Amino acid sequence: PGRGTLTNEEGNFSICAVDGEVVTIQSIGYKTVKFVCSELPKNISLTPLSQTLNEVTVHSIGYVLDRVYDILKGSLKRGKNRRSTYFFRTVEEIGDKTEMVEAFVDACPAVHLSDISILSGRQMQLGGIETSPSLKSMNLYHYLELGPMMGYNDFWFKTIWMPFDQQNYRKHYNWSYVTQHDEDGRFIYRIRLKRVEEENGHNYIDGEIVVDGHDYQPIRFQGTVHGMPLMTGNGQNLTIRKVDTSFFVDYTPEDGYSKVSHVHFDMNGEGIHAKAILYGVDNMDLGRKEGVGLSTNNLITSIREVGFDSLL
């Protein structure tokens, strides 16, 4: 439970499973398929869902973008004082080392995760050995903050054009959309964004935002962040690598705002591979212990400060 993976740009993927387990293959706009892992074929083809629309008004891309912008902005405002609890795990392969970090975190979940605090956590090498982490100088948790609109986030504002964070957002990306019905018969817009080629000086996202075709609430934000600089190492032995990171963020509607329910990212670069998954655990009785915020601390520093609570 809770395991998952993403395909690369060629559609290839890998996942660990044992005989008898069922592997579910999903992509928005395509029919879901399931296979017993022992019967998983080498090549899998997904069938597109119907794109035939009956008695549905289709609007211009400008109208759709303006509606989504207004919905996201209102959701951030209505959900700014809400908190939710999540379980987070990341596994990093750097050279010949494999490291894992897992933690329970508390965050504001409206549209994107913000004001993240560590409630309990631990870091270890493969085999359960605690060690000085290779990623001590890099806050991988920033990828958990990704969203189509982020209000203000110092880290991302310095490095990337976010899709909906400015009134003039349209100039940084080329926008298009397709309309479909999902497996439940729900009418959806799949809004695609691709960087404007002449834009320089910032990293960028290629991806899409999937929204409900009637109320424009976000369903999923997914894509790839290209060419991000990643700093690894400790002390004076630091290495900067360029990485591409595929991600998706899923949402559920809650009390007038769009709540982050699930985040997954898959990072690849020269000599490094990292995967992370985060999902909501508000249904678990974890108590409301005070956490250590990540606004100024490094992820590993915060985990070591708060410690590991085996009851969580």
Side-chain angles (χ1 to χ4, degrees), residues 4 6 28 65 67-90 103-119 139-167 169 172-173 191 193 202-212 215-226 228 245-267 276-282 291 293-296 299 302:
L6 293 171
I28 288 180
L65 291 177
R67 292 289 293 125
V68 173
Y69 180 89
D70 291 341
I71 290 296
L72 293 174
K73 189 173 181 179
S75 186
L76 277 176
K77 183 178 180 179
R78 287 187 292 272
K80 66 179 180 179
N81 295 320
R82 307 298 180 93
R83 308 290 299 181
S84 285
T85 306
Y86 298 88
F87 177 75
F88 165 59
R89 174 181 290 150
T90 180
F104 285 98
V105 304
D106 178 75
C108 177
V111 181
H112 74 106
L113 296 187
S114 60
D115 192 20
I116 301 173
S117 295
I118 302 292
L119 302 177
N139 281 324
L140 278 178
Y141 81 88
H142 281 304
Y143 280 97
L144 301 177
E145 299 171 330
L146 276 172
M149 177 181 286
M150 297 171 60
Y152 181 80
N153 179 292
D154 187 62
F155 177 84
W156 288 107
F157 264 65
K158 290 178 179 178
T159 55
I160 200 166
W161 294 120
M162 300 310 299
F164 282 99
D165 271 321
Q166 301 177 15
Q167 287 286 358
Y169 56 85
H172 301 304
Y173 289 98
I191 304 169
L193 60 150
H202 271 59
N203 294 293
Y204 62 96
I205 295 172
D206 282 337
E208 66 179 14
I209 302 162
V210 183
V211 302
D212 188 286
D215 61 14
Y216 300 92
Q217 296 289 342
I219 298 169
R220 172 173 283 196
F221 177 42
Q222 62 187 13
T224 302
V225 181
H226 294 277
M228 288 290 291
T245 303
S246 300
F247 69 92
F248 68 78
V249 184
D250 286 337
Y251 300 95
T252 56
E254 183 163 314
D255 297 332
Y257 73 97
S258 299
K259 175 181 176 180
V260 174
S261 60
H262 181 202
V263 180
H264 191 146
F265 69 75
D266 192 337
M267 174 191 297
I277 188 169
L278 174 142
Y279 55 88
V281 291
D282 281 339
L294 291 175
S295 59
T296 57
L299 174 62
S302 296

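Because the structure is a prediction, the values reported are computed rather than measured.
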Exercise. Please report the C-alpha distance between L76 and M150 in whole Å, then the side-chain angles of each, then the deciding distance to 0.1 Å, and finally whether the side-chain contact (heavy atoms from CB on, under 4.5 Å) criterion is met.
Key: CA-CA 8 Å; L76 277 176; M150 297 171 60; over 6 Å; no
So, for [X] and [Y], which heavy atoms are closest and what is the spacing to 0.1 Å?
X	Y	answer
F164	Y69	O-CE1, 3.4 Å
I219	D212	CD1-N, 3.7 Å
Y257	P109	OH-CG, 3.9 Å
H112	L146	CB-O, 3.8 Å
V211	P218	CG1-CA, 3.9 Å
P163	F221	CG-CZ, 4.0 Å

Exercise. Let me see the working for S258 and M149 under side-chain contact (heavy atoms from CB on, under 4.5 Å), right down to the final yes or no.
Key: CA-CA 12 Å; S258 299; M149 177 181 286; over 6 Å; no
Quiz item: Of all residues at least two apart in sequence or in a different chain, which pass the side chain to side chain contact (heavy atoms under 4.5 Å, CB included) check with T90?
Solution: F88, E92, V101, L140, A276
Between atom [atom1] of [X] and atom [atom2] of [Y], what is the distance when rounded to the nearest 0.5 Å?
X	Y	atom1	atom2	answer
R82	C108	CZ	SG	9.5 Å
K80	S75	NZ	OG	13.0 Å
K259	L113	NZ	CG	10.5 Å
L278	D250	CG	CG	11.0 Å
L72	Y251	CG	OH	7.5 Å
D206	S246	CG	OG	10.5 Å

Quiz item: Got a donor-acceptor contact below 3.5 angstrom from the Y143 side chain to the V263 backbone?
Solution: no
Exercise. Ignoring hydrogens and angles, tell me if any N or O in the side chain of R78 forms a donor-acceptor pair with the backbone of G256 under 3.5 Å.
Key: yes
Quiz item: Are Y86 and I116 close enough, and set up right, to give a side-chain contact (heavy atoms from CB on, under 4.5 Å), and what steps lead you there?
Solution: CA-CA 10 Å; Y86 298 88; I116 301 173; over 6 Å; no
Practice problem: Report yes if some heavy atom in the side chain of L65 is under 4.5 Å from a heavy atom in the side chain of I191; otherwise report no. | Solution: yes
Quiz prompt | Close side-chain approach of F247 and I205, heavy atoms under 4.5 Å | solution = yes
Practice problem: Test the R220-F248 pair against the cation-pi criterion, namely NZ or CZ under 6.0 angstrom from the six-membered ring centroid and within 45° of the ring axis. | Solution: yes
Exercise. Tell me, with the steps shown, if I209 and L193 meet side-chain contact (heavy atoms from CB on, under 4.5 Å).
Key: CA-CA 8 Å; I209 302 162; L193 60 150; 4.3 Å; yes
